[in-house]
Every structure is written in C-alpha cells, then in structure tokens.
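I have placed the structure first, in the form of structure tokens, so that the comments after it can refer back to it.
Because the structure is a prediction, the values reported are computed rather than measured. Sequence lines set the chain letters: A, B, ... in the order given, protein chains first and strands last, and positions in each chain run from 1.
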Amino acid sequence: MFYREAGQFKTSYQADNQIFPIRQDRIALGALLVVALALAPVLASPYTLSAILIPFLIFSLAALGLNILTGYAGQLSLGTAAFMAVGAFGAYNFVQRIPGMPILLAFVLGGLSAALVGVAFGLPSLRIRGFYLAAATLATQFFVLWCLTKIPYLTNYSSSGVITAQKITILGYEFDSPASKYLLVLAVVAVMALLAKNMIRSNVGRSWMAVRDMDVAAEVIGFRLMRTKLLAFAVSSFYCGVAGALYAFAYLGTVEPEAYNLDLSFRILFMIIIGGVGSVLGSFLGAAFIVLLPVFLNVLAHGLALPTSVASNLELMVFGALIVFFLIVEPHGLARLWQIGKEKLRLWPFPH
Amino acid sequence: MTMNTAAAAATVSSQPYLSVNNIEVIYDHVILVLKGVSLQVPQGKIVALLGANGAGKSTTLKTISTLLRGERGDVTKGEVQFKGERVDQLTPNELVKRGLSQVMEGRHCFGHLTIEDNLLTGAYTRTLSRPQLKEALDKVYHYFPRLKERRASQAGYTSGGEQQMCAIGRALMAKPSMILLDEPSMGIAPQIVEEIFGIVKDLNQKENVSFLLAEQNTSVALRYADFGYILENGRVVMEGAATDLASNEDVKEFYLGVSGAGRKSFRDMKFYRRRKRWLA
Amino acid sequence: DQFIALPSYRVGPYAAGGSGFYGGVIDYFNLVNMNGGVNGVKISWEECETEYNPSRGVECYERLKTKNGGATMVEPLSTGIAYGILDRLPQDKIPMTMLGYGRSDAANGKVFPYVFPLITSYWNQAAGMIKYLGDKSGGMDKLKGKKIVHLYHDSAFGKEPLPVLEALSKQYGFDLIKIAVPPPGSEQQSQWLQIRQANPDYVILWGWGVMNSVAIKTAQRNGFPREKMLGVWWAGSEEDTVPAGDAAKGYSAMTFNTPGNYPVMEEIHKKLYDAGKGNLADRNRVGSVYHMRGVTAAILWVEAMRTAQEKFGKGKPVTGEQLRWGLEHLNVDEAREKAIGAYGMLPVVKTSCEDHEGSGAVKVQQWDGKKWNAITPNWVVGDKALTRKLLEESSNAYAAEKKITPACAK
Amino acid sequence: MQMNEIEAHLGAHAGRRTGPVILDLKNISLSFGGVRALTDISFNVKEHEIRAIIGPNGAGKSSMLNVINGVYRPQQGEIIYRGEHRKNMDCYAAAKSGIARTFQNIALFKGMTVLDNIMTGRNLKMKSNFLLQALYWGPARREEIEHRIKAEEIIDFLEIQAIRKTPVGRLPYGLQKRVELGRALAAEPEILLLDEPMAGMNVEEKQDMCRFILDVNDQFGTTIVLIEHDMGVVMDISDRVVVLDYGKKIGDGTPDEVRTNQDVINAYLGVEH
Amino acid sequence: MNFFFEVLIGGLLSGVMYALVAIGFVLIYKASGVFNFAQGAMVFFAALTCVGMVDKFGLSVWLAIPITIVVMIVLGLAIERVVLRPLVNQPEITLFMATIGLAFFIEGLAQLIWGSQVHKLELPIEDVPLQFLLDKFNIIVSQFDVAAAGICALLVTALALLFARTKVGRALRAVADDHQAALAVGIPLQRIWAVLWSVAGMVALVAGLLWGARNGVQFALTFVALKALPVLILGGFTSMPGAIVGGLIIGASEKLAEVYIGPMVGGGIEGWFPYVLALAFLLVRPEGLFGEKIIRRI
Ligand SMILES: Nc1ncnc2c1ncn2[C@@H]1O[C@H](COP(=O)(O)OP(=O)(O)OP(=O)(O)O)[C@@H](O)[C@H]1O
Ligand SMILES: Nc1ncnc2c1ncn2[C@@H]1O[C@H](COP(=O)(O)OP(=O)(O)OP(=O)(O)O)[C@@H](O)[C@H]1O
Ligand SMILES: [Mg+2]
Ligand SMILES: [Mg+2]
C-alpha cells in the first residue's frame, strides 16, 4: 500500500527521464546515501569498513565496468582483472614517475591507460562474437599479466614485480584510516555510477544495448558497430581500470601482478551474472552477494563447529548451490528479483 | 472475395478430445495473461482460436503443450485434458508421443540444421525404418515442393515463408492425431495459405486429425474450421460454430473486415474509427 | 588466552599444502595446551577460509584481528595475502610471520617491524642452493663453467631469487639459464626440451603447486635425471612428489624443517592422534613436510610467546605488540630445541631487530620414492653477506618509497 | 474488387501524386553459394509512391530490400539513389541518407523498452558526444528531451502509449511489428522499406496498420516500399507493384496491370483477385 | 633439425592431450548450446573418485574405473534433474553461469569426499620415451602420449559419428539451436541431457585418467580446461574433428613459439600465445576452423 506511484504525475519528459521516477525510490536512495556517507563511517567498525564495504564498493565498480561491456554492449569478457591491473600499475607509475601528480588524476590516467588497452583488445570484437570472444579476451588476461611480470619498468624495477601503492593524499589530507579511505572510495564509486547511469539512459547506452540485442539491425538503423563496440570497451575498461587502481591503493596496498589473476576476472563476471546482466543496481547487488556470501557462510560454518576442512568444502558447495538456486529462481539476476518484488509490492495487497 | 458458406455447420456432439478448463496463466509471477480460458476440441474437428494481438492465443496453445515452463509462465489455475487424461503435468515429449504436436508461432526452425534434418527431427518420437522415413519425408515434400528444392540448405538461411513451411512439415512428421497450429498462415503467400488449409482439411478428413489453430487470417480460418472461439484480453468472449461466427455482425466487422456495405477497401480505413461493441 | 589468527586455506588448488601446514600448527597448539599452555596461558586460534585469494584473506584478517580481545599474531601462508595485510600490521600492532615466502627484504626489522620471514628467505635459499651445488660439485670453484638452469614459475615468486642467482653466477662463473614456466605450469614439454638441448649440470626448480610434479614427470619423459634437479622448499613436499609417482625417485629439494622422527612428533601421534584429537583427517599425513612445517612454525611462535612473557610477565597472555618483541628476541638454541623435542628439526633461530629471519640455514632432502630424507647432515648456509647487502638495498629503497625512517621498534 | 473505388480515392487525395524516380535498381543479381536469390532485376521507385513487392515465398523479396539498404551486396547491378550511382549500398550510408526499414522476422532490440527502441531510431539525429551524455548536462540533456518529444509523437501516432515502458520482448507479435514501424519512423526517413508489416495481424489490425502507412505517406511524403502477402492490402494501397518469382521479375505495373498479368496469376495469385 | 622435430612432435602430442579435454566441451556445447564451465571440475572429480577408490579402499584400477563410470552417470543424471531441467530455454549466459555454480559444487564435493591430498595414478602405460625412436633418430616421443593420442582419436571418431549419423545426434544439434522448438517436436530434452551429461562425465573420466597419470591427481586438474579453451576457439566450439585439429595446431605452435620465440622475449609466452594464435585465426574465421557458421540474418 505504501509503494505506489499513483498520484505521482509527471508533467514533463524531463521529470519522466529521471533515474528514479518513483518518489519512494528517490527517498530510499537519499536515505541510503545519507547512511552511507554520514552514518557508516562513524558507526561501522573498522572491520566492516575496510574488509567489507571498501572491497564491496571497489568490486561494484569493476562489476559496473564489466556490466557496461557485457551487460549493456553484449560483449562477453573474461579479461576484467587485466584491465584492473593496467589501471593499478598505470596509476602507480604515474604517481611514481611524475612528481606532484595528484592522486585522483593518477587514477583517471590509470583508467585511461586501461581504456587504451581495452580498445586494442576490443578490436577483434568487430568480427568475433559470444563465447568465442570470451575465450579470446583471455588473451588479454594472460598477456597483460605476462607483460607486468616481464617488463621491470612497469614495476619500477622491483626485484619481484611487487609494487607498493603510494599513500593517498589529496590536498594535503592523507587518507589512511579505514573511514577516510571508505569515503574516498564511496565518492569515486558514487560519481562513476551516476555517470554510468547517465550514459545508459542516453544515446550511448541505447547504442550499446542495440548492438547487444541485434547488431545487424543496429547497423541498419545507423549505429556504427565499430565505434559503438570500441567505445563500450573503452568505457568499460576505464571503469575497471579505476577499480583496479582503488583495489591497489585503497584496499590491498602492496600488490603483485598475480593479485589480478583470472580468478578475479571470474569473480567479477559472477557478480554481474548473479546481480543482473545489464543492470547498474545488479552490479552492486552482485558484488554484495559475492563478497558477503562467503563471509557469511564462513561465519556460519564456524558457528556449527564443523572440522575446518569439512566446513571449507561445504562452504564452497553451498556457494555453488546458491548460485544455481538463484539462477533458477530468477535467471536475470538479483536486480530482476528486486524489480519483481517491487512490482508485487505495487500491486499489494491485491494479488494481481 | 466472398465468404465460403459451404463450410459445414459444425455440431459439437462428440466427446471433447482436448479440453481446456478454466486456465489462468501468469508470466514472470506478475503479468496475468489468461484469466480463465475454457475451450474444447472434439475429435476429428478443426477449431479456430481467434483474437487480436496479445489476446493470449499463443499462450493458450503453449499452456496446452506445456511449453510455457520454459518461458517463465505459470499455470495458476485450471487443467487441460487430452483424450480424457490430465496432461498439464506431462512433458512435451510425452504429449507428442500421445499424438499432440505443436507448430510454434514465429517458425522456430533449427537454424543450423538443413531443411531435411529439420523435418527428420520431427519424426524423433517415431521409430521408423529408412523406407518409412523416406515415405514420410516425401509426403511433406509433396505438400511443400518448395522445401524439396531447398532441402539441403540450412534452415537459418531460407526465407521466412520457407521456414514456416518447414515448421509445419516438421510437425506433420510426428504423425500426430491432434495438432496445435499457431498462425500457420503468417508470412505465407496466399495460394500457399489455401494449400496449407487444404492440407489441414485433408488430414482432418482422411486421417481424422483434430486441429486447434490460432489464426489471424479469420476469413480463411473460419472457412475451414468447424468451430471457433474468440479471445480478447485473456478471456473467451465469443464462441460458436464457424458458420455462425462468420455470419455474426461483429465478427464480420472486426475480424473479416466486411461491414454491411460489403468489403471495405484498406484505403478507407484512415477515415474510420471503430470500437468493439462488447468491449465498450 | 593467547589468540592467534589463522587465515587458512583448505579448498582450492593449494588446499593440500594449506591443510597440512595449518594442521601441523593446530596440532602443536593443541599439544601445548594439553601440556598446560605457555606458562599456563592457553593458546586459542580461529581459522578462516581464504581460498588463497588476497581479498578474502584481507577480510579474514580484518575479521579475526579484533576477535577474542584481539589477535596477537597472524600467518596467512600466502604471498598475495601477506602483501594485502602488510600495510595494516603496524597500525593494528599485530606481527605477521612469513615462513619461507614473501619478500626477502622484509627481514630488515628496521623497515618492516611487524613482519617476520622466520628462519630463512628466498634469497638465502637461493644462496644456499648454489652453496650446496658447489659442495656437491666438489667445491665452489668447480662451479665455473657449469650450466645451471633456473626453471621458474613465471611470476613474482619465480623471479624473486634472480638478483642472488645472477650475482652468484657472476661470482662463481657458472652459466645461469633462465627458463620460465607460465602458470599454473601443467604443461612443460617445451621447457624440458629446451633443457634437454641445453644439457645443464643442474636444474633449479623454482616451482609451486602443480608445476612441481609436472616438472618431475616431464623430466622423466625427456630422460633428464632427477638427481640433477633441485627444488625449492615449496617444491619439496609429498604433495609435489607423490603425484609424480616413481618419476620423483632421486629428486631433491630444499627445506628448512628436516624430515625425520622427533620426540615432539611422537607426542603428537600419541597424545593427539591416538586419542582421535588430531587435526588431519588422514593420519598418514602426520609428519609430512607441510605438517612438520606447520609444527615448526608453531614451535617458533610458542617460543616467541615464552620470550615475551619472560619480559612482560609470566602467566598472562601478551599483546600483539609484546609478541612482536618476543618474535624479535627469539633465541631458539640447541638446548631449547632439545627441550621441546625438536632438536635438528629446525635450525637454530636467533632474531634481532636487524635480522627478522634469525637463521638463513637450509637443508637438502631427497625423495626415495616413499619419503623424504635429509641428505645434508648439517645446515647449509649460503653467502649471507651477499644476501644481506641486497636486503639492505632493497628494504631501504622500499623505505624511501614509502617515506619510512628505518629504526628499531622498542 | 472495384477498380473505380481506388481511382476515386486517388482522385480524392490530390496530394499523393508521385514524383520523379528517387531510387533506381538496375540489373541486380545476387546469389548465395549456389542459390540465386535475385537474377537481373530492374525496377524503380518514385518519390512519394507506395511501391509493393510481391511474389511467392522465397522469391527474393526480402533479399531485394536487403540489397536496397546495404545488408546484402549484389554481385551485379547498380543502385541509383537520388542520382548517385553505386555498386552497392552500405548500411550506415543508407541510414544516413534516409532509408529506414522494418524486418520480416522482427528485429527489435529485445532487452529495451518500447520507448528506447523508438529512441534508437533517432540516433543519427543526435549530436552530443558521450562525455556530455555521461554528465547528462546542458546540450545533451536538452537534446535528449527534444528527441523524447519526437519519440512521444510517434508513440501517440501509433497509439501505443500504454506500452511505452514495456520491454518489447514481452509484447505480442502484432504490437512488436507496430513498434518496429515506430522505430523506422523515428528516423524521419525519405524511403521506408517495410517487410511484411502486416503478417500475423487480423483484419482490424491490418486496417490500423494501413492507416499508419497511408498517413505517413500522405503527411510526411515518405516513399514506401512494401512487401506484403495480403493481396487485399497490396491492391488497395499501393501505386505500383513489382512481382518476383524465383528471383526473377515477372511483372511490374499498377495493381490492375499486375492483377491481370497471366504470368503473375500463374506464379503467384492463383486466381484473379 | 632433429630438435625441431622433437619439439614439433612433442607439441603435437601435447595438443592431443588438450584436445582430450576440449572434446568434453564440444560435446556439451554442440548438443545443448551450453558452455560448460564445470568440465574441468568434472575431470577432477572423475579422476579423484577413481584414484580415491584405489587409494582409500584398495580397489584395483580395473574395478575402480567401472565404478567411477557409474558415479559419473549418477552425477550426470543429478545435474540434469537439479540444474538443467529448471533452466530450459534460458539464455546461454545463464546456463553458463549455472555451470560455474556447478563447478564450485563439484570441486567442494570432490574434496569433501576424498580429502584434499594429492594422489598418483599409475596406468599400465609408462610415461617414458619410445626406445626405438630414441635409438634410431634420437627423438624423444613418450609412449604414453602415443597411447593417449590413440584413445583420443577413437573417442573423437565415435562421438563425431554419433553426431553425424544418428537420430540422437541430429536431435542434439537441434537442441543446441532452439530448446523450445526441440521440446515442441517431442525431443525428450531431459532424457537426452541426462545421457549427454553422463557421456560427458565419461569423457571427463578418460581425460582425468590420462591427465591424472601425467600430472598426478590433484586440484590443478581443473586448470587443464584453460589449455583446452584456445583449442576450442581455434577448432570451433561445435566440431569434434575441430577439437583434434585445433589441439594439434595449438600444441605444435605453442611449443615451437616457446622454444624459438620465447627466449627472445623472456620466455613464458605459452600462457598467452595459444590465445593470441587462436584469436588470429578467428579474425579470419570467426567461428573457428570447423565451427558451424553463426547465422546472422534479418
Ligand atoms: N514471456 C512473456 N513474458 C511476459 N509477458 C508475456 C510473455 N509472453 C507473452 N506475454 C504477454 O501475454 C499476452 C498474450 O500474449 P500471446 O503471445 O499469447 O498473444 P497472442 O494472442 O498470441 O498474440 P499474437 O496474435 O500477437 O501472436 C501479451 O500481452 C504479452 O505481452
Ligand atoms: N543469407 C542468405 N544465405 C543463403 N540463402 C539466402 C540468404 N538470404 C536469402 N536466401 C535465399 O534466397 C531466397 C530468397 O529469399 P528471400 O528471403 O528474399 O525470400 P522472400 O521473397 O522474402 O520470401 P518470403 O515471402 O518467404 O519471406 C530464398 O530461397 C532464401 O533461402
Ligand atoms: Mg500469438
Ligand atoms: Mg521475406
């Protein structure tokens, strides 16, 4: 009864083009932002901030990046971690080599380097589709990591290829407490999510979706495939690159190239599929699912006092089973489940 | 184009062969599409299911053939009986084995298979010897000579009409005793439409196959059918013998495009606002 | 009680090693507790599954560090995870040990006050390997003109020893041929064909995971004698040789915990496994390399607790900061080892602010088809001066980059 | 069918005079491997007219449209569009120069809403770059609203207001066809190619569709090339008809000429309509 | 020159081993349009089950293999019932994701039952060089690899025939094109999938045994799938012979590249070289060498 759009008339297309056309949604999002911005840094424990929220936000950003490419533009990719790595090592090098480089600019430049690599590896997508493309993007994954281990310049000649991300300082303020790092990450992610949402609801987003749904028809309508796909690769890689930089700078601190291995690529892919392919909200829900569920299961397994090896294996099995379960309940992911829930709520208390 | 009044006045005397009782269907848990549809197909009859776009014809057929599950649709109420047996819980395979085949809307050929392989898969549920298989194929080719010409092409590369023929031919290969036909005439050249309906009539009369056909081409459908149902917005709004329906004023006006003054030219339509009386 | 965080891994590709190692740790903890704890202080711990994945490892660390009044030590047994928490340790005042892995320069306690690559590091291992190969050839001078292949896991881990190996190759005049194996290394035909063509005197196998058994197997397929192969300590466990079957016979590898039977191991058998309280599901794995490495690690930690208690008050648990002091002032000499019942199982360890390793000694063991046997009666120590020099350079560079002023913590 | 009726209507709409030839196809041949889809076909389309292409299944009608807007490249022949000679069209160029179309097997963007689908039709008219769009700021925002208004006009015109926010995948077949027409219209094309726009519709819906097509033709002066199997529709609304059979042209002319052409009757019509 | 041949032959034989894994993927993909991420996990599960029975219960290999076959069949049936059946007619990516979940489950299950330790697996064929080739030409060719090649060829022939010649094969290809239509013509999707996954389980067992004998039975067996992927894209996801030819090309060229190009750039290029090579092929033939052409028509 409370979730209704009845009575909310839109008098302009402007109003109808809003991201959240329903007032209740806007209120909820506002409240969420207040909580995230004002309350969480104060109330949440450092553990929640630095071990749950920060990685959650960073993974959400990476998932959002992948979702732009896979969910919106329809190009399945398994090279996400590689783009993250480019972003991270790029940002590191920019800070390292250009004195006085502002850190945020370094993140952007890292993202741009990733975008460049993304465009290069996106070129084959003009001819290759579907799982063929997915398998081909693995080339990115292996090639980029190989370069990072082989070219000492990229890791500032560190003997083992390990880099230590520089401290994050903006205008003299040092972001070193979990709360400050969290706020920084939150700000970056929130802004970028907004930008993504804007792109998606404008012509770029429609061009991506058109190419995804039927590329021949998209061409006939006047979208240029090459431009559209490469732009998707660039934007997506940019997002992943920034996420990768945050992963190194605001989360892990010291990283080896191996931190961006295929495993990570897969995890991000899981996030968008579980969360919802082609949904901004889904990127966040999926990241939450993949970050939180193992933690939750782990805590649960400890509560049950099972022998650790049994618990660990059971954890993995339950995790797998839950993925399958959610797909069966809703193949379009958590975001769709959420949407259906809302639709039901709108109808409530009438059954249909 | 005059109405074929020669169509036999159908009487629904025989025991229903297929009966659909008060089914309700929801897609995606929220979209209610069928709101209590009931219909019967007597053995050896042709029944037409008419209605506007989105009325729920395809949904009804998919409910009967239990293909709905794959589309995230749920039957929340009602039941379907075929030959006196409840079939809504069976798998499509079991249904085909019992003699109930469906030709789906929108062709659905196996794009990578050749036309001939497409037809052969149609005979999957039957165990046929090579000569028998050849005979069954020849029969389909006899009906659709165009398919014979294109037999070695991948179905995905054939024209829309050829695919439609392929889909119908494929269903015939199963030698069903009852066929659910979803818009067989869509995209088919007019004289082939007549041929297809001729085949329908033929099978119906010679081999006693029953048909439930969803059609938009009302005039042809009513010409060949014995009985008809009209579906609007997920409800049956009218039913009756085909001849009765064909002579009903509303049906004439809205489904056959003929009004009191005879057939209207399509050119006139732009000055023409209509409203269905029973929806008003 | 004394709470230790154990971000462990018992599923995934490295589960075999993880379960052995943490099994050993927990077995020893249980044994200590059964015997009354450390001066009466019981040890408690909690495991958390990391799957060897850095971000899960960080989460585990963050979760465990505040549990039970705060973790006082952590050991992730994973380079990636260790790096992920490296920066957090000084703030949290929790020491971390890295037994035989991670960055070698972390031994400099002035730069890395909270990190303890106990016993030995990759660089000392590399130096020890060359020392051993020199001895085997009949003296270091005999190395001149010899060909040594460095067959390595193509990652940070495999490249870590290169500075040492390159320096030594210059010094002793042997040919160092570097051959990379792309991870995970489940196919090595081309590498071994290259080796066969180069026909080296020795092959150093700097491998990890499946790469090791595949290397041994492929050596056999290509007729390369396993006796000429020398693995690192992560290529020297049952997990590496058993899958290779007979091919592994004669293969040798480094270790820092000598295989064999020791009173402490017998006690574990008797008190724990006979009573059904052992941590490992498969009793056959008790005494395996990884298990004993876990016991070794736990011994050193317990000794650190003892040391710390001696300074900060016997009979009560110490804080992380105090335990750090304990780890920095370890002195596990032969007498102490005998008392523990582990004499010879591990080298003598004496740490200090400058030297968080405390030893640098290694042993070589050989697989006889059934089990590992030590083949160097004494502990081997390589060119420590060289590694010390490298270590200083590298850690100071790190300090400069991170703007840390090297100093000993109090 | 009464001839004079059509004449009467033509008279009634003086505005529907056809103009000069806008699209001229000369000796087009197209084959796929061994299959000859089109053999030496020539015909033209005049500005403003409704040009129908009919023929039995597999005759090559859809292929013809594909040639016109560059999806297929003919092996032989020439296309003259607005005086420009080309060997073949290319999709983008065709769209750019005002050719829009609908497809036989609906080619809507399934994952998008009706509104978004129609908005895609306007993409060539959108100018702001993606950075501005990402910021959703200034010109980008104004542009978006501007085009939204146009899209809404089309939605009104096609009477699909109620479903504008529904994902097209869920729509029944007939409505999808209508949305597809909307998407094509959104481009404000000069030539509109329609491939069986009325398949799968009942008479009432066909009447609606005819009304839309005639309105477009009348109001915007759009030239229309139409493939349709419903002879009633074709004969009623088209100005000239091309008949294809087995990839060959067997007839071309006004509906009446075609209707009485013996070849056409034999190959396609069967009986005289 | 000798060395060149040695590298070439070694590469070709490694390629056969990759093909062995690729076959499992092709089987499932060709017959249901599902990219089975769990193939690696199944290889691991099969090998571990077999070897586990030998090591834990002391069964002979010859007894353990049939029992494992039964286990794999049960697994196939279960997968169909629990995972696939509810997901009929869903988009490819959903099914792909489901197989990822499945992979986790199987990996956890395998280690839960058999523990996480590694095992050796001894097959009657020893992994040593063929003596006469070594004596005569000084070329090393492992007799194990030759035997594996034989088995692989047999498997491919049998499966290729199944697809090309039988009614079930045709039905399987139909299923891959359109689940819904396949159901409509009465193809018993569920039974067919159950059989298919059981067969895939057996193929996984063969791959698991051969790879297990080569590398030991350990978790890393799940990684061999990574080696199969470039083979798949090169040969085409839908072609059995493609798996073999792709395997041979990838195997030979990656070894040659590693040996002759590797040293110039620091080595270790085998990790990405096959992918880049496959990519290059794809640019020419976007559906792989023998894959079915992707039909894009409007
Ligand atoms: N998979 C689906 N998900 C959600 N809604 C659906 C789905 N399929 C059909 N619908 C809705 O169900 C209603 C009935 O559709 P159905 O396809 O049965 O109509 P129809 O009578 O066959 O129309 P047509 O003549 O256009 O084929 C439509 O409103 C449609 O939007
Ligand atoms: N891309 C293609 N590859 C191979 N053959 C094709 C291709 N496109 C069309 N064809 C063949 O060319 C012929 C003409 O096809 P087209 O689709 O143009 O027919 P149509 O006149 O539109 O028929 P319909 O009325 O059935 O839609 C058909 O036989 C078809 O199989
Ligand atoms: Mg329908
Ligand atoms: Mg056509």
query: After noting the C-alpha distance and the side-chain angles of Glu392(C) and Arg388(C), does the key distance pass the salt bridge (charged side-chain N to carboxylate O under 4.0 Å, His left out) rule?
result: CA-CA 6 Å; Glu392(C) 294 278 345; Arg388(C) 188 74 218 171; 2.9 Å; yes

- request: Considering only heavy atoms and a distance below 4.5 Å, find which of Asp263(A), Leu316(A), Ile52(A), Thr164(A) pairs most often with chain C.
  value: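 Sorted descending by pairs with chain C, the first entry is Thr164(A).
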
Using heavy-atom distances under 4.5 Å, tell me whether [X] contacts chain A through its side chain, its backbone, both, or neither.
X         : result
Ser155(C) : both
Thr79(C)  : both
Ala15(C)  : neither
Tyr398(C) : side chain
Asp105(C) : neither
Leu162(C) : neither
Ser19(C)  : neither

Given heavy-atom pairs under 4.5 angstrom as the criterion, report whether the side chain, backbone, both or neither of [X] touches chain C.
X         : answer
Pro294(A) : both
Ala165(A) : backbone
Glu258(A) : side chain
Val299(A) : both
Asn156(A) : side chain
Phe142(A) : neither

field: CG on Leu322(A) to CG on Leu297(A), rounded to 0.5 Å
entry: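 Between Leu297(A) CG and Leu322(A) CG, I get 6.5 Å after rounding to 0.5 Å.
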
Look at the rings of [X] and [Y] and say which category their plane angle falls in: under 30° parallel, 30 to 60° tilted, over 60° perpendicular.
X         : Y         : value
Tyr122(C) : Trp233(C) : parallel
Trp45(C)  : Phe29(C)  : tilted
Tyr92(A)  : Phe89(A)  : perpendicular

- request: For salt bridge (charged side-chain N to carboxylate O under 4.0 Å, His left out), just list the numbers for Lys67(C) and Glu62(C), CA-CA rounded to whole Å, side-chain angles, deciding distance to a tenth of an Å, and then say yes or no.
  value: CA-CA 9 Å; Lys67(C) 280 225 170 149; Glu62(C) 292 285 341; over 6 Å; no

- prompt: Can the positive tip of Arg267(A) be found less than 6.0 Å from the middle of the six-membered ring of Phe59(A), inside 45° of the ring normal?
  reply: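 So Arg267(A) does make the cation-pi contact.
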
field: Pi-cation contact, Tyr153(A) with Arg97(A) (under 6.0 Å, within 45°)
entry: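 Judged by the rule (NZ or CZ under 6.0 Å from the ring centre, within 45° of its axis), Arg97(A) counts as positioned above Tyr153(A).
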
- request: Tell me, yes or no, whether the heavy-atom count around Phe325(A) atom CZ, taken from other residues, nucleotides or ligands under 6.0 Å, exceeds 12.
  value: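 No, the 6.0 Å shell around CZ holds no more than 12 heavy atoms from other groups.
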
- request: Find the one option among Glu59(C), Arg56(C), Glu160(C) whose heavy-atom pairs under 4.5 Å with chain A are most numerous.
  value: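 The residue among Glu59(C), Arg56(C), Glu160(C) with the greatest pair count is Glu59(C).
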
field: When Arg63(C), Glu46(C), Lys65(C), Arg10(C) are compared by non-hydrogen pairs under 4.5 Å with chain A, the top option
entry: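 Sorted descending by pairs with chain A, the first entry is Arg63(C).
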
- request: Would you sort out whether Lys150(A) and Asp154(C) count as a salt bridge (charged side-chain N to carboxylate O under 4.0 Å, His left out), showing the intermediate values?
  value: CA-CA 9 Å; Lys150(A) 285 292 161 192; Asp154(C) 198 9; 3.1 Å; yes

